[in-house]
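Notes follow once the structure below has been shown.
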Amino acid sequence: MKTIFTIFTALLTTCFLNLSAQTIYVDASNNTGVEDGTEQHPFNTIKEGIASSTAGTTVMIKAGTYYPDETWTEYNNVLHLKPGVKLKGESQSNTMIEGIVVDTNQSNLAIGLEGLYFHEFRFSRGFTEGPFDASNIVSNCRANLLGAYCAGGIPLNDTTPGPIYGFLFENNDLGMEGEINFSMGSGDAQISAINNTCGWIKIQSGGGYHYLIDNNEVQFGIADKSGACYTTISNNMIINGGITDKSGAYGYPVEDQFIQYNTITCNENSPFLEEEFEISAMSLSCGSVTVKDNIINCTGKVSGIMASSGAPFHVINNTITVDEVLVPVEDEDEAIYAIRTMSGWGHITGNKLTGGQVGYYSSAGSDSFSGNEIKRAYYGFYSVGAEEVKYNLIEDCHSTGMILNGLRGPIHHNTIRNNAGHGIWVLRPQIDLGGGEDNCPGANVIQGNADYDLYIETQNTDTVYLSAKYNVWDHSDPTEIALYDIRDANDSTGLATIVDFMPIGYLAIQENSFGARFMVYPNPTNGKFEARMPGIGIIGARFEIFDLHGRKLFEKTIPAGNETIEIDVNHLGNGVYLCRLISKNTSATQKLIIQK
């Protein structure tokens, strides 16, 4: 009896699996008059194959051209899908549906499309009975539109643990003008568009979803105008356009938007810009966003990033290149920026910004601006915000390197050099450049600028002193610094502010007998060198190495009586460094070049 029961159970299981995994065949070339959906006698229309299907069926469609004969709203030539059924063609290049494919049924059963060509796919269910049983998958297809228009949204799965299924559009070809569009009511599901080629990807749904827009080749743009969702836009290549994010927010401090590892090229004639108020490759006015490791290249009157987001707002390790500006425009709204932000709290760090009327323009509440490089902008840095500005390199700008217009700061360990205007131009002097109320360490290297290293514009009588201690100027003699490097009330009777710049920064090279006896050899070095200190054998002497941002990279105590020590710098990269020898209250600095 047990054996019979086991066999009976196996037969039931086999029958169930056959029903749930049924395959029906369709071949347009079958004109024999014998059609039953088997591989030997396939139906010759897809409509017949779908009509004979049940949930779990795969309709296998042979190569050929198929002409749907139904209608839907204003559309003719419509093929209606059945929930739970998958259509699979031989190839998107030879299995052709000359019409649109729609799903308008009320059901929580998912559908599938694979290896087909059709004009459009429109998932237009008014609502579903519950969460989907699996993802709705469209893969390896060719079309002009893939649209998910589930008006009632995808209900929350609050009873069954596990994946929250939604849509997966993967490896589809929509050409240069085609569009992927998600326009659903609010819900809770995973929505993904991966490895597609298209003109546009648009997210216009309500809140609650988890979006992944990854590794797509997009001709014009990705636009997120959804409610509050968790969205990752990553690894996409945008040929001539950009990304806009105007999505809703869950509220501080939730981080729900990530735009990362994308490559964007945008010129001023891109259709993407016609839809945007701000002419920029990345326009952000969402609740919060992290913009990380993107490469943005703009030509013409196009900015890199324009942002007015909430908090947190992080911009990390991006490379942004915009056109250089030699003649600035008066209207700042028409100017070109690598980054312009009016966003809330966050970190701007590790970015490389090239070109623009202003490389970085801020009226934001950002927490810090650190470790960035700004080159060949007209003005390198302009801020009325709240950033702590540290460890940045601003060089080779066509005018002033840094303009401070009420920035709260402080400002320290920056290198501002070789700019065609002033190094730092202060419009309002409530700022700590070293040794002020913020206990700023200074250590800014401000050298090689065509005009003053520090230029005071203000006539504000409320601020008598601006503290700028411990910095490195073009000159090392205090009299020469006051005369040639700084312009303040000592130079103009119309000004009230005097700069307190003493003591001078420790990186300044001191020409005294102590310094004259200190040398490094060989210089340049390929990885090892000697620090030679003839006649200097003082207890407690120290040898240090700094980069040009003032960051200490190496320190060693020199044994008493030693006049030569060997230093191994193979861990440091090629470049220019500063070696510092300290003994009691005296120090000396030598430049070191590493060339491996």
Side-chain angles (χ1 to χ4, degrees), residues 142-147 169-182 193-204 211-225 231-247 257-286 289 291-307 315 317-325 333-340 351-357 359 376-377:
R142 184 160 58 96
N144 300 319
L145 170 70
L146 300 180
F169 295 163
E170 184 175 24
N171 297 319
N172 300 290
D173 183 359
L174 288 83
M176 292 178 58
E177 301 288 341
E179 179 179 310
I180 294 174
N181 192 307
F182 301 105
I194 302 173
N195 297 329
N196 302 285
T197 299
C198 59
W200 303 88
I201 299 177
K202 297 181 179 180
I203 306 172
Q204 302 173 134
Y211 285 99
L212 174 62
I213 312 298
D214 185 74
N215 204 39
N216 300 283
E217 183 176 302
V218 183
Q219 183 67 28
F220 300 121
I222 300 173
D224 183 358
K225 301 178 182 180
T231 302
T232 298
I233 300 173
S234 57
N235 300 299
N236 301 285
M237 176 180 289
I238 300 179
I239 307 301
N240 183 19
I243 296 174
T244 181
D245 192 338
K246 299 180 180 179
S247 60
Q257 304 287 300
F258 296 88
I259 303 175
Q260 56 193 21
Y261 308 110
N262 302 285
T263 299
I264 302 172
T265 302
C266 186
N267 68 49
E268 61 185 358
N269 299 315
S270 171
F272 169 80
L273 301 177
E274 296 175 4
E275 299 191 3
E276 299 304 319
F277 174 74
E278 295 174 325
I279 308 302
S280 60
M282 197 174 289
S283 178
L284 309 172
S285 56
C286 45
V289 64
V291 182
K292 179 181 178 183
D293 291 295
N294 301 281
I295 298 173
I296 302 174
N297 292 288
C298 303
T299 55
K301 298 179 180 179
V302 183
S303 295
I305 296 177
M306 303 280 274
V315 183
N317 296 339
N318 301 281
T319 299
I320 304 173
T321 304
V322 301
D323 278 359
E324 295 183 39
V325 173
D333 290 330
E334 296 182 1
I336 301 170
Y337 308 88
I339 297 176
R340 180 177 178 178
N351 302 285
K352 295 183 178 181
L353 313 178
T354 303
Q357 180 163 322
R376 297 197 299 278

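Computed from a predicted model, the values in this text were never measured in an experiment.
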Of the non-hydrogen atoms in [X] and [Y], which two are nearest, and what is the gap between them?
X: Gly304; Y: Ser280; answer: O-CB, 4.0 Å
X: Ile296; Y: Ala281; answer: CG2-CB, 3.7 Å
X: Gln357; Y: Val325; answer: N-CG2, 3.5 Å
X: Arg340; Y: Asp333; answer: NH1-OD1, 3.4 Å
X: Ala338; Y: Gly355; answer: CB-O, 4.4 Å
X: Ala377; Y: Gly359; answer: CB-N, 3.5 Å

Phe258-Tyr211 aromatic ring centre distance below 6.0 Å: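 Ring centroids of Phe258 and Tyr211 are no less than 6.0 Å from each other.
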Under a 3.5 Å distance rule, please check whether [X] uses its side chain to pair with a backbone N or O of [Y] as donor and acceptor.
X: Asn216; Y: Asn236; answer: no
X: Asn294; Y: Ile259; answer: yes
X: Ser247; Y: Asp224; answer: no
X: Ser303; Y: Ile305; answer: no

Can you check side-chain contact (heavy atoms from CB on, under 4.5 Å) on Phe182 and Lys202, steps first, answer last? CA-CA 6 Å; Phe182 301 105; Lys202 297 181 179 180; over 6 Å; no
What's the spacing between [X] [atom1] and [Y] [atom2] if we round to 0.5 Å?
X: Ile264; Y: Met237; atom1: CD1; atom2: CE; answer: 11.0 Å
X: Lys225; Y: Cys286; atom1: NZ; atom2: SG; answer: 13.0 Å
X: Ile233; Y: Ile222; atom1: CD1; atom2: CD1; answer: 5.5 Å
X: Asn171; Y: Arg142; atom1: CG; atom2: CZ; answer: 15.0 Å
X: Cys266; Y: Asn240; atom1: SG; atom2: CG; answer: 5.5 Å
X: Glu268; Y: Leu273; atom1: CD; atom2: CG; answer: 9.0 Å

Regarding Arg376 and Glu324, does a basic nitrogen lie under 4.0 Å from an acidic carboxylate oxygen?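 Yes.
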Check whether any side-chain heavy atom of [X] lies under 4.5 Å from a side-chain heavy atom of [Y], and answer yes or no.
X: Leu174; Y: Asn144; answer: no
X: Asn317; Y: Lys352; answer: no
X: Asn172; Y: Leu146; answer: yes
X: Ile239; Y: Glu217; answer: yes

Among Asp293, Asn351, Asn262, side chain to side chain donor-acceptor pair (under 3.5 Å) partner for Asn318: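 Only one of Asp293, Asn351, Asn262 forms a side chain to side chain donor-acceptor pair (under 3.5 Å) with Asn318, namely Asn351.
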Qualifying residue, where the test is side chain to side chain donor-acceptor pair (under 3.5 Å) with Asp214 and the options are Asn235, Asn195, Asn196: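 Single pass found, and it is Asn235.
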Just say parallel, tilted or perpendicular for the rings of Trp200 and Phe220, cut-offs at 30° and 60°.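 Ring orientation of Trp200 relative to Phe220: tilted.
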Under the side-chain contact (heavy atoms from CB on, under 4.5 Å) rule, what do Val322 and Thr299 come out as? Steps first, then yes or no, please. CA-CA 6 Å; Val322 301; Thr299 55; over 6 Å; no
Checking Thr263 against Ile238 for the side-chain contact (heavy atoms from CB on, under 4.5 Å) test, could you report, in this order, the C-alpha distance in whole Å, the side-chain angles of both residues, the deciding distance, and whether it holds? CA-CA 6 Å; Thr263 299; Ile238 300 179; over 6 Å; no
Stepwise, does the side-chain contact (heavy atoms from CB on, under 4.5 Å) test hold for Ser283 with Asp245? CA-CA 6 Å; Ser283 178; Asp245 192 338; over 6 Å; no
